[in-house]
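What follows is one structure encoded as structure tokens, with my remarks underneath.
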Amino acid sequence: MPVKVPEKTADQVVNLACDTIAKKKQALVFVNSKRSAEKVAEDIGKKTGVEEVRLKELAREIEGVLARPTRQCERLAKCVKGGVAFHHSGLAPKQRELVEDAFRAGAIRIIACTPTLAAGLDMPAFRAVIRDVKRFTQRGMQHIPVLEFLQMAGRAGRPKYDSVGEVIVVAQTQTDQEFVEEHYLRGSPEDILSKLAVEPVLRMYLLSLINSRIIGPRESIVDFFGRSFWAFQYKDLARMQKIIDRVLNVLVEWGFLQEVKEGYRATLMGKRVAELYLDPLTAHGFIDALRKSEGKKLRAFTWLHLVANTLEMRPLLRVRQKEFEKVQEKYGLVEPNLLQHEPSMFEPEYEEFFDAVKTAMMLDDWIEEKDEEYMLEEYDCRPGEMRVKIDNADWLLYGVHEIAALLEMQPVLKEITKARLRLRYGVKEELLPLIKLEGVGRVRARKLFRAGIKDLGGIRSASLEKLSGLVGEKVAMKLKEQVGQ
DNA sequence: AGATAGGAGATTTAGACAGCATGTC
DNA sequence: CTAAATCTCCTATCT
């Protein structure tokens, strides 16, 4: 039924938030973009009139999470002072945690968020305000699935504290309201689609199932998939058979499977690829690139680009129109170091190739010790997103390393490990000796290096006083201990 | 001259999972 | 079923 709250402002969401706070309750506001989450939180924050010491402290803590605060940190801190926060995948992990804890503790009254908080069973609120029931997809603006709506709605009502919870959907028109009632409140969740129908997934499953010997003989493969959910939905067994055969052929061609009498068996490489959870296409790309690496000038960028140019790294950073020239220019400089090259302009992968180049550029800036604020300004990549990209690239680099090891390409192994270490810590090569020490990350390592302490020997010969001045007494003691003093 | 309002057109758009071996500021 | 908020750049108008 329609909800009435005092209309303090022209913005219904702000009014709902203020009403929630006036009732001494909490609300989650679900929106469809990170930008909206931030703006909504900001708009509400201006009107709450909340002022508490604990919120000021929290704001300070949030702003101090990174070595240098980004403009996102500052914005969040400002909202938090008013008892409001935004929450999405772009927040630094520590900030996410602080916001969630403060909400559970009752300090933060309202969180404007993307679906990040929809699934968290641990984040109940008196009200779940659903501002957007549409989201941008590859086919334009579309209604979100009923299941997702129900997940957001499920955050309303805290079992221990409230006897009821409220789900409020913000509808602009009568038509919208009717649609919500019909589709989301009275409708049923849509059918689940089989994921096997997506080729990369089928590739991985086929290899993995054959590797673990769940299937192998030809008939068993047909039989297995014939009884799958995919077959149940797809119905056309003959066409499925054709698709499976095509994928099997490709896996054989790539050297991950071998045909044995009456069926298939995973090769040594196929086994490793399955264990690494890599898409066989990605693994094939790695192998192909590694084989071409001999005699090339290999740099850290070589490896960063190799892993950036994979399905697993998606979504990639996108090259904006006005950036295109800059990326092209940079590409010209690094091209001799790359193992995979520019597809023709008319190929569908053309654009994506440069997205990967840009993503590799960002990772390269990271290992050149650029900080989070720089990444946000230069690449529009928020700290949380940055972290995910680094983690993914780190995992993929491990994959490249393992494949190179299997190919017995000893010379590149060290280089890959070095690139991986640099990526993980975000440091130039010169800091690698210091990074090995417990308690030393990119910031402390740089501090030590600037003071002339460049390796373990430097730690040994530096006085405890000097170390203490740089990294604090406790860490200094820990460092001395690690070099046996 | 400088401020400001407004319009046309461009730009942008959620989240999270995989390996491995432990620990940043 | 297939948008909408926000940003950028430019121009007209006002002080």
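All values below were derived from every heavy atom in this structure, side-chain atoms included, with hydrogens, water molecules and symmetry-related copies excluded. Lettering follows sequence order; numbering is per chain, from 1.
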Please tell me which of the listed nucleotides, B:dG23, B:dA18, B:dA16, lies nearest to the side chain of A:Pro315?
B:dA16

Secondary structure of DNA chain B in dot-bracket form (Watson-Crick or G-U wobble, distances below 3.5 Å, | marking inter-strand pairs)
|||||||||||||............

Would you check if there is a donor-acceptor pair between the side chains of A:Glu312 and A:Thr282 at a distance under 3.5 Å?
yes

Residue closer to the 5' end of DNA chain B, A:Ala67 versus A:Asp391 (nearest nucleotide)
A:Asp391

Nearest-nucleotide pick for A:Tyr277, side chain only, options being B:dT12, B:dC17, B:dG19:
B:dG19

Hey, does the side chain of A:Tyr425 come within less than 4.0 Å of B:dT24's phosphate (OP1/OP2), counting only N and O?
yes

Give me the distance, rounded to whole Å, that separates B:dA18 from C:dC1 when you measure between the C1' atoms they each carry.
34 Å

So A:Pro93, base contact, sugar-phosphate only, or nothing? Heavy-atom distance under 4.0 Å.
nothing

For the pair made of CG in A:Leu117 and C1' in B:dA14, what is the distance, rounded to whole Å?
12 Å

Under a 3.5 Å distance rule, please check whether A:Thr116 uses its side chain to pair with a backbone N or O of A:Ser89 as donor and acceptor.
no

Below 3.5 Å between N/O atoms, which protein atoms pair up with nucleotides 2-5 of chain C? Just atom names and distances, please.
| unit_1 | atom_1 | unit_2 | atom_2 | d |
| --- | --- | --- | --- | --- |
| C:dT2 | O5' | A:Met141 | O | 3.3 |

Nucleotide B:dC17, atom P - distance to NZ of A:Lys389 in whole Å:
15 Å

Across the strands shown, which category fits A:Glu402 at heavy-atom distances under 4.0 angstrom: base, sugar-phosphate, nothing?
nothing

Give a yes or no on whether the ring-centroid distance for A:Tyr331 and A:Phe353 is below 6.0 angstrom.
yes

For the residue pair A:Glu100 and A:His87, confirm or rule out a side-chain donor-acceptor distance under 3.5 Å.
yes

Nucleotide B:dT24, atom C1' - distance to CG of A:Leu448 in whole Å:
14 Å

In whole angstrom, what separates A:Glu275's CD from B:dC20's P?
8 Å

Mind calculating the distance between CH2 (A:Trp366) and C1' (B:dT24) to the nearest angstrom?
10 Å

Which of the following nucleotides, B:dG23, B:dA14, B:dC20, is nearest to the side chain of A:Thr114?
B:dA14

For A:His88 and A:Val65, take the nucleotide of DNA chain B holding the closest heavy atom to each; which residue's nucleotide lies nearer the 5' end?
A:His88

Across the strands shown, which category fits A:Gly439 at heavy-atom distances under 4.0 angstrom: base, sugar-phosphate, nothing?
sugar-phosphate

Considering every strand and a 4.0 Å limit on heavy-atom distances, what is the contact class for A:Asp394: base, sugar-phosphate, or nothing?
base

B:dA14 phosphate, OP1 or OP2: any side-chain N/O from A:Ser89 under 4.0 angstrom?
no

Between B:dG23 (C1') and A:Gln482 (CD): distance, integer Å
11 Å

Look at A:Arg382 and B:dA14 and indicate whether a side-chain polar atom (N or O) is within less than 4.0 Å of OP1 or OP2.
no

Remember a base hit wins even if backbone is also touched, and classify A:Val440 as base, sugar-phosphate or nothing at under 4.0 Å, heavy atoms.
sugar-phosphate

Verify, without hydrogens or angle tests, whether A:Arg131 (side chain) and A:Phe30 (backbone) share a donor-acceptor contact under 3.5 angstrom.
no

Charged N to carboxylate O below 4.0 Å: is that the case for A:Arg104 and A:Asp122?
yes

Between A:His143 and A:Phe179 (judged by ring centroids, cut-off 6.0 Å), do the two rings come close enough to count as a pair?
yes

Students often get this wrong, so: under 4.0 angstrom with heavy atoms, is A:Leu437 touching a base, only sugar-phosphate, or nothing?
sugar-phosphate

Just N and O in the side chain of A:Lys94: are any of them under 4.0 Å from OP1 or OP2 of B:dT24?
no

Given atom CH2 of A:Trp395 and atom P of B:dA18, what is their separation to the nearest angstrom?
9 Å

Spell out, as yes or no, whether a donor-acceptor pair under 3.5 Å connects the side chain of A:Lys428 to the backbone of A:Ile367.
no

Do any N or O atoms from the side chain of A:Thr267 and from the backbone of A:Phe256 form a donor-acceptor pair under 3.5 angstrom?
yes

Please give, in whole Å, the distance from B:dG23 P to A:Leu479 CG?
14 Å

Could you check whether A:Arg135 pairs with A:Glu148 (Lys NZ or Arg NE/NH1/NH2 to Asp/Glu carboxylate O, under 4.0 Å)?
yes

Check ion pair A:Glu369-A:Arg442 (N to O, under 4.0 angstrom):
no

